[in-house]
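Following: one structure in structure tokens, then a few remarks.
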Amino acid sequence: MTILVTGGAGFIGSNFILDWLSSRDERVINLDKLTYAGNIDNLRDVAQNGLHVLAQGDIGDRKLTDWLLALHRPRAVIHFAAESHVDRSIHGPGDFIQTNIVGTYNLLESVRAYWSELAGGEKNAFRFIHVSTDEVYGSLGDEDPAFTESKTYEPNSPYSASKAASDHLVRAWHHTYGLPVLTTNCSNNYGPYQFPEKLIPLVITNALSGKALPIYGDGMNVRDWLYVGDHCSAIREVLANGRIGETYNIGGWNEMPNIEIVRTICRILDRLRPDPDGPYERLISFVTDRPGHDRRYAIDARKVERELGWRPAETFATGIEKTVSWYLDNPEWVERVRTGDYREWVDRNYSQR
Ligand code: NAD
Ligand code: DAU
């Protein structure tokens with residue numbers, strides 16, 4: 001048996017593959033373009049494992065996706081590949097349109113052609129899992145109820161608009177062609193192997209090098225934080241037992257304002273790696289806000305709990321402690337990702353703020 005994962009060298013995809021191969025003997029074909037966000041270092045623990053096969057390439061390359069499907073005959077596709085950073089989508093939306101929308105369209109067409117030729121049992125068992133985001137639902141006010149699966153789509157950034165478009169394509173390919181799809185809409189993930197352009201790894205790695213901890217606006221934007229291992233267990237559950245054509249919201253029941261996240265990280269670092277120059281909070285710096293910055297996201301994850309019995313295992317306290325410890329224990333990984341490209345991005349995003 002085989003599954004095909006797209007974007008498996010990125011943050012969530014690599015955590016998913018590592019978790020998958022730690023508990024089962026099922027082959028994983030990993031189609032990843034290895035953009036700036038894809039990192040084969042994330043997969044070094046399975047480098048010698050013959051069950052992991054990396055295929056470097058683009059989800060938008062129809063010849064390649066047709067060939068991979070015909071050759072490996074997966075029983076499921078788990079689609080993580082995307083351009084994923086909101087700030088980069090503001091600076092340059094083109095790649096987001098190309099990968100998240102056109103690439104997903106190509107993948108759907110390729111998978112549809114493959115699936116329609118499968119024999120009865122294999123065809124019935126086949127699944128396409130589309131990994132999406134809570135950002136498609138837009139921004140909540142302080143008193144608004146958390147996002148349910150029936151919330152209207154109101155994407156506000158080029159990133160979230162491109163993910164919303166991909167969700168609609170996936171839905172239509174089910175409704176029109178019967179493709180057995182399931183979509184997950186998840187809140188902010190954090191954990192090992194996250195590229196330090198996102199808030200939590202940026203703050204940890206900047207603090208350790210004595211750099212400013214940039215907080216957009218007033219720091220009171222709220223996100224619902226989910227440990228990446230919990231996201232991966234939810235996806236496994238949706239793959240195994242989810243209902244075809246359904247969407248499942250996945251969240252951590254962990255709403256927190258950004259300033260509180262940053263202060264928590266500073267306190268953990270003060271304990272685990274005290275800085276002789278003083279508490280890390282001294283490095284906090286309020287900077288110009290992100291254009292169109294969504295104020296609050298919150299996920300109502302009762303459907304996935306009710307139907308599939310899934311709940312997150314980690315609290316924010318346990319998850320963030322593991323995450324900070326991982327970054328402290330893996331300085332070489334951090335060093336290798338902070339290359340010239342990364343420095344160029346930091347300069348582009350932060351120097352004018
Ligand atoms: P990431 O940016 O860390 O990784 C994306 C991966 O996709 C990289 O390995 C990259 O090389 C690959 N990729 C990009 N374009 C590609 C293309 N055209 N063809 C093949 N591979 C390509 O992203 P992530 O944080 O791991 O997110 C994974 C998925 O989960 C995305 O679809 C994202 O929208 C979604 N998501 C992320 C979060 C989060 O908090 N990180 C939350 C909810 C949903
Ligand atoms: O909600 C799910 C989404 O979470 C995913 O779909 C995206 O792929 C993922 O990148 C993430 O989007 P956010 O924009 O919420 O994540 P980010 O880590 O970029 O920012 C988290 C919050 O922190 C947000 O309110 C902006 C703020 N922030 C971010 C950075 C990078 C800062 O205050 N300073 C920063 O330097």
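These numbers come from a predicted model, not from an experiment.
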Fill in: salt bridge (charged side-chain N to carboxylate O under 4.0 Å, His left out) pairs, two or more places apart, involving residues 64-76
E26-R75, R62-D66, R73-E122
Worksheet entry | N/O donor-acceptor pair under 3.5 Å between D32 side chain and A9 backbone | yes
Worksheet item: Counting only N and O atoms by type, is there a donor-acceptor contact under 3.5 Å from the side chain of N221 to the main-chain atoms of D294?
Response: yes
Worksheet item: Going by heavy atoms in the side chains, are R290 and D87 under 4.5 Å from each other?
Response: yes
Practice prompt. Check for a donor-acceptor pair, side chain of R282 on one end and backbone N or O of P279 on the other, with a separation under 3.5 Å.
Written response: yes
Item to complete: Answer yes or no: is there an ion pair linking R295 with D218, defined by an N-O contact shorter than 4.0 Å?
Response: yes
Worksheet item: Parallel, tilted or perpendicular: which fits the ring planes of Y297 and F147, with parallel below 30° and perpendicular above 60°?
Response: tilted
Worksheet item: Is there a donor-acceptor pair under 3.5 Å between the side chain of T205 and the backbone N or O of P201?
Response: yes
Item to complete: Under the side chain to side chain contact (heavy atoms under 4.5 Å, CB included) rule, what do Y193 and N39 come out as? Steps first, then yes or no, please.
Response: CA-CA 9 Å; Y193 302 110; N39 183 353; over 6 Å; no
Item to complete: Determine, stepwise, if the pair I200 / I320 fulfils side chain to side chain contact (heavy atoms under 4.5 Å, CB included).
Response: CA-CA 9 Å; I200 287 182; I320 194 67; 3.9 Å; yes
Discussion item. What I'd like to find out is whether the side chain of L283 reaches to under 4.5 Å of the side chain of N206, using heavy atoms alone.
Written reply: no
Worksheet item: In terms of ring plane angle, is the pair F80 and F16 parallel, tilted or perpendicular, where the classes change at 30° and 60°?
Response: tilted
Fill in: S132 and D167: CA distance, side-chain angles, deciding distance, side-chain hydrogen bond (donor to acceptor under 3.5 Å, both in side chains) verdict
CA-CA 7 Å; S132 192; D167 293 8; 2.8 Å; yes
Fill in: SB check E307 R243 (cutoff 4.0 Å)
yes
Practice prompt. Check step by step if ring-ring contact (aromatic ring centres under 6.0 Å, His included) holds for H85 and F195.
Written response: CA-CA 10 Å; H85 190 32; F195 191 72; 8.7 Å; no
Worksheet item: Without hydrogens or angle criteria, can the side chains of K303 and T247 be said to hold a donor-acceptor pair below 3.5 Å?
Response: no
Practice prompt. Check whether any side-chain heavy atom of M1 sits under 4.5 Å from a side-chain heavy atom of R24, and report yes or no.
Written response: no
Response to the item:
The residue among T104, L107, L108 that forms side chain to side chain contact (heavy atoms under 4.5 Å, CB included) with W173 is L108
Worksheet item: Do V304 and L308 come within less than 4.5 Å of each other through their side chains, counting heavy atoms only?
Response: yes
Discussion item. For R343, is there any backbone N or O sitting under 3.5 Å from a side-chain donor or acceptor partner on R338?
Written reply: no
Discussion item. With heavy-atom distances below 4.5 Å as the criterion, would you say the side chains of F11 and K198 are in contact?
Written reply: no
Discussion item. For the backbone of N254 and the side chain of D224, can you confirm whether one donor and one acceptor N or O come within less than 3.5 Å of each other?
Written reply: yes
Worksheet item: Short question: side chain of N15, backbone of V228 - any donor-acceptor pair under 3.5 Å?
Response: no
Practice prompt. Check whether any side-chain N or O of K151 sits under 3.5 Å from a backbone N or O of Y137 as a donor-acceptor pair, and report yes or no.
Written response: yes
Discussion item. Ring of W333, cation from R336 - is the NZ or CZ under 6.0 Å from the centre and inside 45° of the axis?
Written reply: no
Practice prompt. Name the orientation class of the two ring planes belonging to H79 and F128 (parallel below 30°, tilted from 30 to 60°, perpendicular beyond 60°).
Written response: tilted
